[in-house]
Structures are given as structure tokens and as C-alpha cells.
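Here is the structure we will look at, set down as C-alpha cells.
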2 protein chains.
Amino acid sequence: MEERIRLSILLDIYGELLTEKQRNVLDLYYNQDLSLAEIAEHTSTSRQAVYDIIKRCHMLLVHYEDKLNLMEEKKNIEENKKGIIDFIDSLYSDKNAEVLDKIKNYIMNNI
Amino acid sequence: MEERIRLSILLDIYGELLTEKQRNVLDLYYNQDLSLAEIAEHTSTSRQAVYDIIKRCHMLLVHYEDKLNLMEEKKNIEENKKGIIDFIDSLYSDKNAEVLDKIKNYIMNNI
């Protein structure tokens, strides 16, 4: 996965553990794709301070994922859901189509 | 939920974000039910230091749950799983019992 996308996902998962200012700077950098100079202007901060926030929070987000593995876990939940749907699809016959449709719909809306 | 049980669950979820020493002290306190004096002796730390670690880490664990809601989320996943199984159970008939058993087994082993 591209590093910028990975950091954007980690920011989404662990952003609440950062301060509002840190979250804002990282959002502008990873999601809005602004340069350090643009972020400095936007947030009335020095370019060096913006750089320090991004560097420190990058380390923090990677640390959180290293310890809690939530990105990995969310990926697993999605894969499990897909696995269940694929398994149900493999069981279809004319006789059971209606009941399997009901189960699939319920699962789609509840995992 | 009793506070001690809640903290024991939070320690299980977020313990990796604490240091090894902090985790050890909290484990002795919340899981092994040792007194402050006993923990102090076990860990060659003063009783006051043990008290400070427990107080600070209690706040940290509650803060993490406040921000990330993982205990709540795990509870929801368990409830959703139970909801899916109950829904499947409500669809049973002589004709579809075999296929529904297969789906239930698959789900039990994959969520």
C-alpha cells in the first residue's frame, strides 16, 4: 500500500488520540495534499513546526498500529465478511435461493 | 459492569500501549487482585509509586476507550454475531436444515 494512503487510513483510525491541531495538520498533509508551506500559512504555524508535527505524529500513528493492529483487524473483518458471502454463494440452489438471499442481506447490513 | 472487571478488559485491549512495568502492576492489581503493599513488594517499588502507576494508567485506559471505543466495538461485534445466528435459527425448516447448519458453522469459525 502506498505510504500516504496508509497514513491517511491510520489517521482515520487513531486520529482521536492526537490533539485537534495535530489532526488538522495531518489531515491537510495526508488527505488534502497541501505542501508544508501551505499548511504553515493555513494554520498560522512555522514551516518547521508543521514539519515537526507531521514527523512526530507519523511516528505516533505507526506506533499505535504496531501495538493495536486495528488497520489489520478491520481488513480481516472485511475479508471475513467477503468469505462468508462467498461461502453462502457457493451453496445456492433453486430450492434455497430465497432463504439464502435473506441471510446474505442480513449479514450485509449487520457486520 | 463492575469497575474492576471493566478495567481488566480495558487492560487486555489497550495494555500494549503501556510500558511493561505499568502493564505488570495493573495486571497484579486488576487481574491477580493483589494489594498495593503486595504489588510494591513483588515489583521492588514503593507503595506510593505503585499507587501513582495505577491511578495514572487507570486514567490512560479510560482515555483510550473514550477515544477509540474498542471495548464497545468488540461488544457490538459479539452482539452482531449472535444476531446473525439468531436470524438464521429463525429460518430453519426440514428442507433447509443442512445448508443452514453449514452456514452457521462457517460463521461461528470466521467472525
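Residue numbers begin at 1 in each chain, while the letters A, B, ... track the order of the sequences.
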Quick one: CG on L91(B) to CD1 on I103(A), what's the gap to the nearest 0.5 Å?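 Going from the CG atom of L91(B) to the CD1 atom of I103(A) covers 5.5 Å.
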Non-hydrogen side-chain atoms of I84(B) and I84(A) separated by less than 4.5 Å: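 Of all side-chain heavy-atom pairs linking I84(A) with I84(B), none is under 4.5 Å.
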Using non-hydrogen atoms and a 4.5 Å limit, figure out which bit of L68(A) sits close to chain B: side chain, backbone, both or neither.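 For L68(A), side-chain heavy atoms alone lie under 4.5 Å from chain B.
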All inter-chain donor-acceptor pairs under 3.5 Å (chain A, chain B):
unit_1	atom_1	unit_2	atom_2	d
N80(A)	ND2	N110(B)	O	3.1
G83(A)	O	Y106(B)	OH	3.4
Y106(A)	OH	G83(B)	O	3.4
N110(A)	O	N80(B)	ND2	3.1

Are I39(A) and M59(A) linked, directly or through intermediate hydrophobic residues, by side-chain heavy-atom contacts shorter than 4.5 Å (ILVMFWY only)?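 In one cluster with M59(A): I39(A), no.
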Between I77(B) and I111(A), does a side-chain contact (heavy atoms from CB on, under 4.5 Å) hold up when you go through it step by step? CA-CA 7 Å; I77(B) 289 174; I111(A) 299 188; over 6 Å; no
Which bit of I13(B) is near chain A, if near means a heavy-atom gap under 4.5 Å: side chain, backbone, both or neither?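 Just its backbone gets close to chain A.
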